[in-house]
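To start, the structure under review is shown below, and the notes come after it.
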Amino acid sequence: MTTAKKYLVTGGAGYVGGTVAARLLERGDRVTVLDDLSTGFREGVPAGAEFVEGRVQDAARWLDGSYDGVLHFAAYSQVGESVARPEKYWENNVGGTMALLAAMRAAGVRKLVFSSTAATYGEPATVPITEAAATAPTSPYGASKLAVDHMITGECAAHGLAAASLRYFNVAGAHGGLGERHDPESHLIPLVLQVALGRREAISVYGDDYPTPDGTCVRDYIHVADLAEAHLLALDAMTRGDVPAGEHLVCNLGNGNGFSVREVIETVRKVTGHPIPEIAAERRPGDPAVLVASADTARERLGWIPSRPDLADVVADAWAFARHRHQEEGA
Ligand SMILES: NC(=O)c1ccc[n+]([C@@H]2O[C@H](COP(=O)([O-])OP(=O)(O)OC[C@H]3O[C@@H](n4cnc5c(N)ncnc54)[C@H](O)[C@@H]3O)[C@@H](O)[C@H]2O)c1
């Protein structure tokens with residue numbers, strides 16, 4: 001039994017941050033969401049959270065010693081945009097985190113969970129990918145997240161922060177009425193579901209000549225509710241002292257199972273009953289053939305065990321959310 005805590009959740013109007021904030025509230029913690037609504041939505045902030053509309057760059061205005069920790073989701077995360085406008089990513093992802101770390105230091109808030117990404121690894125030499133794999137990001141987005149990971153390592157060593165960087169693989173699904181809502185959408189499952197809803201005519205398959213069983217890219221899809229659980233476990237590990245001041249724990253979060261683009265499309269066909277036409281398209285530069293996580297560290301250090309590894313469950317939850325939104329918009 002843990003006592004209720006108070007957390008600042010940056011980016012809590014977004015997909016993952018909103019879901020984690022909802023889970024914290026469900027277990028009785030207090031939550032303040034700090035979000036500038038640049039890619040998030042006011043209605044994505046879960047009921048019961050205090051909402052502050054503002055930038056992480058100005059976190060010092062709101063953060064004080066009453067907080068037990070910070071969960072930092074706020075970032076830009078479009079790989080293609082980061083190639084076209086790298087400066088936007090350095091300013092927000094790196095500059096924003098630098099300001100946040102300074103505000104935490106000044107306020108004496110010494111626990112941090114950070115949303116890192118599989119994109120820090122780039123093209124892996126071996127799969128499944130462990131945290132010991134070389135980090136060679138293939139986009140400014142991945143590079144900006146890796147830079148933040150390095151920044152956090154230094155902050156832990158020099159200033160006694162306890163931190164966990166959770167490197168998500170492909171997050172999907174929905175939980176408690178909150179789901180994936182990016183604009184533009186770049187993630188496969190919500191894009192295929194747009195076809196099932198009649199909002200898009202067909203799904204583009206970027207490359208079918210990769211060295212994989214069916215030639216399409218293989219990814220590791222993790223249910224957002226399982227992902228959220230890992231954040232709660234990371235906070236608890238810090239509270240117990242299992243991740244002590246000075247340690248920067250880095251954990252991959254994935255199921256350890258890969259599904260190809262074609263397998264995802266086929267699963268959506270089964271779940272929705274829609275034929276989902278495909279269009280063959282050119283490979284996208286920088287898309288690795290296979291990205292599958294080893295989540296052994298998360299299991300060993302946090303006791304994290306994904307409870308919804310079945311792709312059909314992930315797709316079914318994403319489909320329920322997508323249909324609900326579609327009806328709400330009266331489309
Ligand atoms: N969704 C995925 O599959 C995935 C995979 C790996 C890593 N991540 C990381 O997880 C985090 C959350 O991703 P998401 O899919 O929920 O994205 P999202 O765009 O839905 O959420 C990000 C939120 O941060 C807010 N934000 C951005 N910059 C801000 C700033 N400077 N100040 C205040 N608020 C700001 C946005 O308005 C938005 O609400 C990101 O850091 C992303 O890089 C996501």
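Whatever order the structure lists ligands and atoms in, that order sets their numbers, starting from 1. It should be emphasised that the depicted structure is a prediction, and the values quoted were computed from it without experimental measurement. Numbering starts at 1 and runs along the sequence shown.
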Taking atom types as modelled and ignoring hydrogens, do the side chains of [X] and [Y] form a donor-acceptor contact shorter than 3.5 angstrom?
{"X": "E185", "Y": "H182", "result": "yes"}
{"X": "E81", "Y": "Y141", "result": "no"}
{"X": "K6", "Y": "S66", "result": "yes"}
{"X": "T153", "Y": "H248", "result": "yes"}
{"X": "D313", "Y": "H223", "result": "no"}

Suppose I only count heavy atoms of [X] and a 4.0 Å limit; which atoms of ligand 1 are within that range?
{"X": "G11", "value": "23 (C), 24 (O), 25 (C)"}
{"X": "S77", "value": "42 (C), 43 (O)"}
{"X": "Y141", "value": "7 (C), 8 (N), 9 (C), 42 (C), 43 (O)"}
{"X": "V16", "value": "16 (O)"}
{"X": "F169", "value": "5 (C)"}
{"X": "S115", "value": "9 (C), 10 (O), 11 (C), 41 (O)"}
{"X": "R55", "value": "31 (N), 32 (N), 33 (C)"}
{"X": "A75", "value": "22 (C), 24 (O), 27 (C), 28 (N), 41 (O)"}

Do any N/O atoms on [X] end up under 3.5 angstrom from N/O atoms on ligand 1?
{"X": "L34", "value": "no"}
{"X": "G40", "value": "yes"}
{"X": "D35", "value": "yes"}
{"X": "A74", "value": "no"}

To check your reading of the model: name the closest protein heavy atom to [atom], its residue, and the distance in Å.
{"atom": "atom 26 (N) of ligand 1", "result": "D36 OD1, 3.5 Å"}
{"atom": "atom 20 (O) of ligand 1", "result": "Y15 N, 3.0 Å"}
{"atom": "atom 11 (C) of ligand 1", "result": "F73 O, 3.3 Å"}
{"atom": "atom 21 (O) of ligand 1", "result": "G14 CA, 3.5 Å"}
{"atom": "atom 31 (N) of ligand 1", "result": "N92 OD1, 2.6 Å"}
{"atom": "atom 44 (C) of ligand 1", "result": "Y168 CD1, 3.7 Å"}
{"atom": "atom 17 (O) of ligand 1", "result": "H182 NE2, 3.5 Å"}
{"atom": "atom 36 (C) of ligand 1", "result": "T39 OG1, 3.1 Å"}

Quiz item: cation-pi between [X] and [Y], 6.0 Å / 45°:
{"X": "R219", "Y": "F169", "answer": "no"}
{"X": "R283", "Y": "Y206", "answer": "no"}
{"X": "R167", "Y": "Y121", "answer": "yes"}

*Is the shortest distance from a Lys or Arg side-chain nitrogen in R308 or D317 to a carboxylate oxygen in the other one below 4.0 Å?*
yes
*asked:* Between R42 and E53, does any NZ, NE, NH1 or NH2 come within less than 4.0 Å of an OD or OE carboxylate oxygen?
replied: no
*asked:* I'd like to know if the side chain of Y89 and the backbone of S139 have a donor-acceptor N/O pair within less than 3.5 Å.
replied: no
_If we ignore hydrogens and angles and just use 3.5 Å, is the side chain of T272 paired with the main-chain N or O of H274 as donor and acceptor?_
yes
*Report yes if the distance between the aromatic ring centroids of H187 and Y221 is under 6.0 Å, otherwise no.*
no
*S38 heavy atom under 4.0 Å from ligand 1*: yes
*Measure the distances from the heavy atoms of K145 to every atom of ligand 1 and state whether one is below 4.0 angstrom.*
yes
*Does the pair E201 and V195 meet the rule for a side-chain contact (heavy atoms from CB on, under 4.5 Å), with working shown?*
CA-CA 6 Å; E201 286 193 358; V195 181; over 6 Å; no
May I ask you to identify, for [X], whether its side chain, its backbone, both or neither come under 4.0 Å of ligand 1 on a heavy-atom basis?
{"X": "L37", "value": "backbone"}
{"X": "R181", "value": "neither"}
{"X": "A172", "value": "neither"}

